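In what follows, every heavy atom counts, from backbone to side chain, and hydrogens, waters and symmetry copies are set aside. The model shown is predicted, which means the values in this text are computed figures rather than measured ones.
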Amino acid sequence: MATAHPRSRSSTPSTQPPEKRPRLDDPPVSDAVSVQDAAETCQASPSTSKKTPKQKKNKKNARRLPDPFSSDDILTREVIALLGQDYVQSLTAQKMDWDAPFEQFKHLDLTVSRISPSTGESLSVAESNGKKWVIVTPLSLPGERIRARVYRHSRLHSHADLVEVVQSNSEWRDMSRVQCRYFGKCAGCQYQMLSYEKQLDLKRDTVVEAYKNYSSIPPELVPPIQPTIGSPLQYGYRTKLTPHFQRPPFSFQKSQKRGEAPVVEGKPDWLKIGFHEVGTRHVMDIEGCPIATPVINKALGPVRDNVIKNIAKFKNGATLLLRDSLAIESSRDDEPVASGSTTTEDGHICVTDQKGSVRERVGDMFFEYTAGTFFQNNNSALVPLTSYVRDAAFPATDASEGAAKPTHLVDAYCGSGLFSIMLAPHFDKVAGIELSAESIRAAQRNAELNALSTEKVSFMAGDAANIFETVQEFPRDRTVLIIDPPRKGTDDRFIEQMVAFGASTVVYVSCNVHTQARDVGRMLKRSDDKAQAEGGKKYVLESLRGLDLFPQTAHVEAIAVLRLM
């Protein structure tokens, strides 16, 4: 019997294509995997204009190769691996690599080949008139027979809606695991129908694929990828949520400009407050999110009601902010008190002001930061994360080998001081650097909050590459370097100075394993060149592992440990 996918309204697809909606050019990336933290670039629907210059421009842009390390670039590599390099070269030589063999809105019956480790979407190989083509479809699993509707073409592949799961992968798929009524429609989660063990396996595959495709490291120099570290909470973990709503209809805006905006009673049909539907820029109503913490879900209702009540005052859409915080009692006149919409019995509040102050407890340490700035969004996983980094800095084998115990820590891209402060008790001296002056102020405040002296822990604002100028007195053989850069990774200037400094251990934590793989490859190459030219030790990749900060999504954090040997 056919199994209707939760997105489908029936088990039988309509004979007419559904109304076309604008689609995303790229699958979600950061927090993509996170719950809609940032809007993606939208591909407009084909223009009906007959202006030749605009048509040429659109066609040229449509055939532009994706930016390196973008989600489209990662997907394209996965597509090429599935089709085979020789076949792709043949299509490219014939200039057929952009010519999809299927019309838009075509319904296809497919067998899923694999899941894309980078996006969590499925990849299936379809064939028409002797030409093979990959179809990318959400929320379907390897081995499943599915029916899909093509809606957009790209190089070597097309994107399609999942219309129906005709024959499910019963070993993997269990819809009773799904805890969200919007799963299959909301773009936030991809894996709720999977066991948590399977999710962790897939995230390990993401790390494997990233280092295979992006690191340029000889396979024999890449250690076996360890199992992914799980999150203590798989639901109710997310401490930040950013629902949004789109601008009012044009007719409503025109009335606003004339001062004739109609009186809004209740929630207008056109007002949707929530997150994007799968593959679209269309916002859907979300009244609750099971991966968010209880205090956020409790606050979401009043926040939505406030928008509805004041919608006539909005000229544009907006992104809302909800952050889980411990209640902060002000002890000084100049100390901000977190603004919140509700409290819970355990003393948590929801901060909704971008400039409000948020407090979190990680292990025995407290952290405060401004609500609109960056801090990891899964508090439950921060102790496993920082503990793993600590253990990497102090490996058990070092004691038996008589190696020097690390005494100094350098924390590049330190943010609000998470690693610096959590690991400070294990080091004599810690130095952190961050480009954001606001984050540095938070880090300094956090050191004070946890009774860490400025002689032991110091922070400075500046380029991460410049940190090595400030720690020249640190003993290299007793220094650990932690790198936790933004998604784009680090640069050649940093890598050159890092290798020249020569910390005994480097721990690279990344929210983008693909740029991490690129950077680690460059680090090893630069270190090897230096060793050959000057003699001495070089960095080796000792261990590599994922950590799950966002259960139910395809995102994985990656931790690489480099040792100077």
Side-chain angles (χ1 to χ4, degrees), residues 200 203-204 207-208 211 221-233 360-365 367 376 378-432 446 450 452 456-457 474-485 498 502-511 513 516-517 519-520 523-524 537 539-549 551 556-565:
L200 296 180
K203 296 185 183 198
R204 179 184 177 277
V207 180
V208 171
Y211 274 78
L221 299 183
V222 178
I225 313 300
Q226 299 177 47
T228 306
I229 301 170
S231 169
L233 294 178
E360 291 193 36
R361 179 172 181 165
V362 182
D364 295 329
M365 300 295 189
F367 295 86
Q376 295 288 4
N378 181 352
N379 181 278
S380 78
L382 295 186
V383 168
L385 172 61
T386 54
S387 297
Y388 183 82
V389 172
R390 177 202 63 209
D391 293 344
F394 297 92
T397 55
D398 278 1
S400 60
E401 296 173 359
K405 179 183 176 181
T407 55
H408 290 64
L409 174 66
V410 177
D411 186 5
Y413 310 95
C414 68
S416 300
L418 175 65
F419 290 109
S420 295
I421 290 169
M422 291 296 291
L423 273 60
H426 305 282
F427 292 90
D428 296 340
K429 198 168 183 63
V430 177
N446 290 333
N450 292 286
L452 298 171
K456 182 180 181 71
V457 181
F474 279 25
R476 309 300 200 265
D477 63 334
R478 291 177 176 266
T479 296
V480 174
L481 170 65
I482 294 177
I483 308 169
D484 187 10
M498 182 206 91
S504 62
T505 302
V506 176
V507 183
Y508 189 152
V509 180
S510 177
C511 60
V513 65
Q516 183 200 62
D519 293 345
V520 170
M523 291 171 181
L524 298 185
K537 298 179 179 180
Y539 284 111
V540 299
L541 180 56
E542 181 179 89
S543 65
L544 189 57
R545 192 170 196 177
L547 182 139
D548 189 15
L549 277 176
V556 63
E557 202 88 354
I559 310 167
V561 179
L562 285 68
R563 201 82 68 183
L564 199 61
M565 295 182 177

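Scanning both residues, Ala431 and Phe474, for their nearest heavy atoms gives CB-CZ, 4.1 Å. Counting all heavy atoms, side chain and backbone alike, Ile229 lies closest to Pro384 at CG2-CB, 4.4 Å. Closest heavy-atom contact between Thr505 and Val561: CG2-CG1, 4.3 Å. Across all non-hydrogen atoms, the minimal contact from Leu564 to Gly502 is CD2-O, 3.7 Å. Of all the heavy atoms in Asp548 and Ala381, the pair that sits closest is O-CB, 4.2 Å. Closest non-hydrogen pair, Ala392 versus Pro395, comes out as O-CD, 3.4 Å.
One finds the CD atom of Glu557 at 13.0 Å from the OH atom of Tyr388 (value rounded to the nearest 0.5 Å). One finds the CZ atom of Arg478 at 9.0 Å from the CG atom of Asp428 (value rounded to the nearest 0.5 Å). Remark: His408 NE2 to Asp477 CG distance equals 10.5 Å, nearest 0.5 Å. Atom CG of Leu382 sits about 9.5 Å away from atom OG of Ser231, to the nearest 0.5 Å.
Residues Arg204 and Thr228 have side chains that never bring a donor and an acceptor to within less than 3.5 angstrom of each other. Residues Asn446 and Ser416 have side chains that never bring a donor and an acceptor to within less than 3.5 angstrom of each other.
Contacts of Asn379 classified as side-chain hydrogen bond (donor to acceptor under 3.5 Å, both in side chains), with partners at least two apart in sequence or in another chain: Glu360. Among residues two or more places apart in sequence or in another chain, the side-chain contact (heavy atoms from CB on, under 4.5 Å) test is passed with Arg390 by Ser387, Phe394, Leu423, His426. Every residue two or more places apart in sequence or in another chain that forms a side-chain hydrogen bond (donor to acceptor under 3.5 Å, both in side chains) with Arg476 is listed here: Gln472. Remark: Thr386 pairs with no residue by the side-chain hydrogen bond (donor to acceptor under 3.5 Å, both in side chains) rule, at least two apart or across chains. Residues satisfying the side-chain contact (heavy atoms from CB on, under 4.5 Å) test with Ser504, not counting sequence neighbours, are none. Here Asp519 pairs with Tyr508 under the side-chain hydrogen bond (donor to acceptor under 3.5 Å, both in side chains) rule; sequence neighbours left out.
Remark: Lys429 NZ is packed, more than 12 non-hydrogen atoms of other residues, nucleotides or ligands lying under 6.0 Å away.
Tyr211 has its side chain within reach of Leu541: a pair of non-hydrogen atoms, C-beta onward, lies under 4.5 Å apart. Side-chain contact between Phe419 and Val509 is present, with at least one heavy-atom pair separated by less than 4.5 Å. Side-chain contact check for Phe427 versus Thr407: every heavy-atom pair is 4.5 Å or farther apart. Side-chain contact between Leu481 and Val507 is absent, with no heavy-atom pair separated by less than 4.5 Å. Under the 4.5 Å side-chain criterion, counting only non-hydrogen atoms from C-beta, Val556 is not in contact with Leu547. With a 4.5 Å cut-off on side-chain heavy atoms, Pro425 and Lys456 do not count as touching. Residues Val506 and Ile483 meet the side-chain proximity criterion, which asks for heavy atoms closer than 4.5 Å. Within the 4.5 Å cutoff, no side-chain heavy atoms of Met565 are placed close to those of Lys537.
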Quiz item: Step by step, would you call Ile421 with Leu452 a side-chain contact (heavy atoms from CB on, under 4.5 Å)?
Solution: CA-CA 8 Å; Ile421 290 169; Leu452 298 171; 3.9 Å; yes

Practice problem: Show your reasoning for whether side-chain contact (heavy atoms from CB on, under 4.5 Å) applies to Val540 and Leu524. | Solution: CA-CA 7 Å; Val540 299; Leu524 298 185; 5.6 Å; no

Quiz prompt | Check against side-chain contact (heavy atoms from CB on, under 4.5 Å), Leu544 and Gln226 | solution = CA-CA 6 Å; Leu544 189 57; Gln226 299 177 47; over 6 Å; no

Practice problem: Assess whether side-chain contact (heavy atoms from CB on, under 4.5 Å) is satisfied between Leu549 and Gln376, documenting all intermediate values. | Solution: CA-CA 8 Å; Leu549 277 176; Gln376 295 288 4; 3.3 Å; yes

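With hydrogens and angles disregarded, a donor-acceptor distance shorter than 3.5 Å links the side chain of Asn378 to the backbone of Ser380. With hydrogens and angles disregarded, a donor-acceptor distance shorter than 3.5 Å links the side chain of Arg545 to the backbone of Pro227. Counting only distance, with no hydrogens or angles, the side chain of Gln516 and the backbone of Ala558 share a donor-acceptor pair below 3.5 Å.
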